[in-house]
**Q** 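Have a look at this one before I ask anything.
Order of appearance sets the numbers: ligands from 1, and atoms from 1 within every ligand. Along the sequence shown, residues carry numbers from 1.
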Amino acid sequence: EADPQDHRFSLQEVLDSFKLCLSENKEVYLEHYVSGWRGLVKFLNSLGSVFGFISKDAVGKINILEGYLEGDNSSQYATIQLMVKYELDNQLVDLTKRGNHPESGCRTLLRLHRALRWLELFLERLRVSGQDEKTSVMCADAYNQSLSQHHPWVVRKAAGLAFCVLPGREAFFQVMNVGSAEQVVSVLGEAVPLISEVYQITETLYAEQQLLQLP
Ligand code: 1Q0
């Protein structure tokens, strides 16, 4: 039954996951959030082993969240809103320093959430970019405006080195598997606002609960 194409990244697939993320009353379904990230990791893996340290960290976090989705309290993890309430109500989150809950859903998701902001900025840069612009520069700019502030020097350094070997814009568009450059730009035009909305809803929720600095 294994689909031989299953390792192949498709931007459409990621887009579909992020579309399914939002419920009618703007809650974020964890299942689709996680599957969106799985799709993105596929993309990252197709770029080569230089990105292994990033993909490994992302997969570790995806697996933690998937564990909750499949665990005994799965109904409490249906949405990010439910997860936050459940973990806070039951003291399952290390709030100020690392302690008994180093793998809480809240802190794990926060790491992916911060990376989602990078993704939003990067995809928007890609969308409006000209043919001759370098993906490495767009990626580094997006990173420096977002995720980097949460990373220690050594991680920033490693990330900077990895960005340098990103394929050029044209090759990058090809790996996305959506067709011509025009089609990529159009799918990005659909993807960016969606990702942005999921990001904003999560950001507001975490800010209200003062969870934006979880250790
Ligand atoms: C395309 C190039 C990808 C570049 C990804 C940029 C992010 C760089 C992050 C590098 C850090 C990874 C090493 C681990 C860091 C952890 O210390 C940190 C904090 O966690 P913790 O447990 O130590 O507190 N972890 C994170 O910050 C999470 C980082 C997750 C990054 C997930 C990136 C997934 C990338 C997907 C590729 C998307 C390609 C976009 C284009 C596709 C079109 C839709």
**Q** Any atoms of ligand 1 less than 4.0 Å from a non-hydrogen atom of V155? List them with their elements.
**A**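 Within the 4.0 Å cut-off of V155, ligand 1 contributes 11 (C).
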**Q** Could you tell me the residue and atom name of the protein heavy atom closest to atom 36 (C) of ligand 1, and the distance to it rounded to 0.1 Å?
**A**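 Nearest neighbour among protein heavy atoms for atom 36 (C) of ligand 1, to 0.1 Å: L40 O, 3.6 Å.
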**Q** Under 30°, 30 to 60°, or over 60°: which ring-plane class applies to F122 and W118, parallel, tilted or perpendicular?
**A**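 F122 vs W118 ring planes: parallel.
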**Q** I'd like a table of donor-acceptor pairs (distance under 3.5 Å, sequence neighbours excluded) in which one partner is a side-chain atom from residues 49-58, with atom names and distances.
**A**
unit_1	atom_1	unit_2	atom_2	d
S55	OG	N45	OD1	2.8
D57	OD1	K61	NZ	2.9
D57	OD2	K61	NZ	3.2

**Q** Heavy-atom contacts under 4.0 Å between L126 and ligand 1: side chain, backbone, both, or neither?
**A**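 Under 4.0 Å from ligand 1, L126 contributes no heavy atoms.
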**Q** Under 4.0 Å from a heavy atom of W37: which atoms of ligand 1 are those, numbered in the order shown and with their elements?
**A**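 Answer for ligand 1: 32 (C), 34 (C).
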**Q** When hydrophobic residues are tied together by side-chain contacts of less than 4.5 Å, even through go-betweens, does I201 share a cluster with L116?
**A**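 Yes; tracing contacts between hydrophobic side chains, which count when under 4.5 Å, links both residues.
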**Q** Please report whether atom 17 (O) of ligand 1 has a protein non-hydrogen atom at a separation of less than 4.0 Å.
**A**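 So far as the 4.0 Å threshold goes, atom 17 (O) of ligand 1 is out of reach of every protein heavy atom.
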**Q** Name the closest protein heavy atom to atom 19 (C) of ligand 1, giving the residue it belongs to and the distance to 0.1 Å.
**A**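 Protein heavy atom at minimum distance: R111 CG, 3.7 Å.
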**Q** Does any pair with a residue in residues 115-131 pass salt bridge (charged side-chain N to carboxylate O under 4.0 Å, His left out), and if so which ones, sequence neighbours excluded?
**A**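 As it turns out, the salt bridge (charged side-chain N to carboxylate O under 4.0 Å, His left out) pairs with a partner in residues 115-131, which skip direct neighbours, are R117-E120, E124-R127, R125-E133, R125-D141.
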**Q** Between K85 and D89, does any NZ, NE, NH1 or NH2 come within less than 4.0 Å of an OD or OE carboxylate oxygen?
**A**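 So D89 pairs with K85 through a salt bridge.
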**Q** What protein heavy atom is closest to atom 39 (C) of ligand 1, reported as residue, atom name and distance in Å?
**A**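 For this ligand atom, the closest protein heavy atom is F43 CD2, 3.3 Å.
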**Q** What pair of heavy atoms forms the shortest contact from C106 to L211, and how long is it?
**A**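 The answer is SG-CD1, 4.4 Å.
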**Q** With a cut-off of 4.0 Å, which atoms of ligand 1 are near a heavy atom of F163?
**A**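 Those of ligand 1 that fall under 4.0 Å from F163 are 4 (C), 6 (C).
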**Q** Please state which part of L112 comes within less than 4.0 Å of ligand 1, counting heavy atoms only: side chain, backbone, both or neither.
**A**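 No part of L112 comes within reach of ligand 1.
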**Q** Counting non-hydrogen protein atoms only, what is the nearest one to atom 30 (C) of ligand 1? Give residue, atom name and distance.
**A**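 Looking at atom 30 (C) of ligand 1, the protein heavy atom closest to it is A115 CB, 4.0 Å.
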**Q** Give yes or no for whether the N/O distance cutoff of 3.5 Å, strictly under, is met between D57 and ligand 1.
**A**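 It does: an N or O of D57 is found under 3.5 Å from an N or O of ligand 1.
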**Q** For atom 24 (O) of ligand 1, which protein heavy atom lies nearest, and how many Å away is it?
**A**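 Atom 24 (O) of ligand 1 sits closest to the protein heavy atom R107 NH2, 2.8 Å.
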**Q** Indicate, as side chain, backbone, both or neither, the part of H151 found under 4.0 angstrom from ligand 1 when only non-hydrogen atoms are considered.
**A**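 Side chain only.
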**Q** Once you restrict to heavy atoms under 4.0 Å, what part of V14 touches ligand 1? Side chain, backbone, both or neither.
**A**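 The answer is neither.
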**Q** Can you hop from L212 to L119 via hydrophobic side chains spaced under 4.5 Å?
**A**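 Same cluster: L212 reaches L119 through Ile, Leu, Val, Met, Phe, Trp or Tyr contacts under 4.5 Å.
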**Q** Would you say the side-chain atoms of S196 pair up with the backbone N or O of V192, donor to acceptor, closer than 3.5 Å?
**A**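 No; zero donor-acceptor contacts below 3.5 Å.
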**Q** How does M176 reach ligand 1, if at all, at less than 4.0 Å between non-hydrogen atoms: by side chain, backbone, both, or neither?
**A**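 Side chain only; the backbone of M176 stays clear of ligand 1.
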**Q** Could you tell me whether ligand 1 has any atom less than 4.0 Å away from a heavy atom of L119?
**A**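 L119: in contact with ligand 1 (<4.0 Å).
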**Q** For atom 31 (C) of ligand 1, which protein heavy atom lies nearest, and how many Å away is it?
**A**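 Its nearest protein heavy-atom neighbour is I54 CG2, 3.8 Å.
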**Q** Please check if L69 and L82 belong to a single hydrophobic cluster, counting links between Ile, Leu, Val, Met, Phe, Trp and Tyr side chain heavy atoms closer than 4.5 Å.
**A**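 In one cluster: no.
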**Q** Test H113 against Y199 for ring pair (Phe, Tyr, Trp, His ring centres under 6.0 Å), laying out the working first.
**A** CA-CA 7 Å; H113 169 69; Y199 175 84; 4.3 Å; yes
**Q** Which atoms of ligand 1 are found less than 4.0 Å from any heavy atom of L11?
**A**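 Numbered from 1, ligand 1 contributes 43 (C), 44 (C).
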**Q** Name the one of E70, E87, E66, E31 that satisfies side-chain hydrogen bond (donor to acceptor under 3.5 Å, both in side chains) with Y77?
**A**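 Of E70, E87, E66, E31, side-chain hydrogen bond (donor to acceptor under 3.5 Å, both in side chains) with Y77 is met by E87 alone.
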**Q** Over all heavy atoms of both residues, which pair between S136 and C164 is shortest? Give the atoms and the distance, please.
**A**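 Distance-wise, the nearest heavy atoms are CB-CA, 4.3 Å.
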**Q** Among all the protein's non-hydrogen atoms, which is closest to atom 1 (C) of ligand 1, and how far away is it?
**A**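 Going by distance alone, atom 1 (C) of ligand 1 is nearest to L166 CD2, 3.7 Å.
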**Q** What residue and heavy atom of the protein are closest to atom 20 (O) of ligand 1, and at what distance?
**A**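 Sorting protein heavy atoms by distance from atom 20 (O) of ligand 1 puts K61 NZ, 3.1 Å first.
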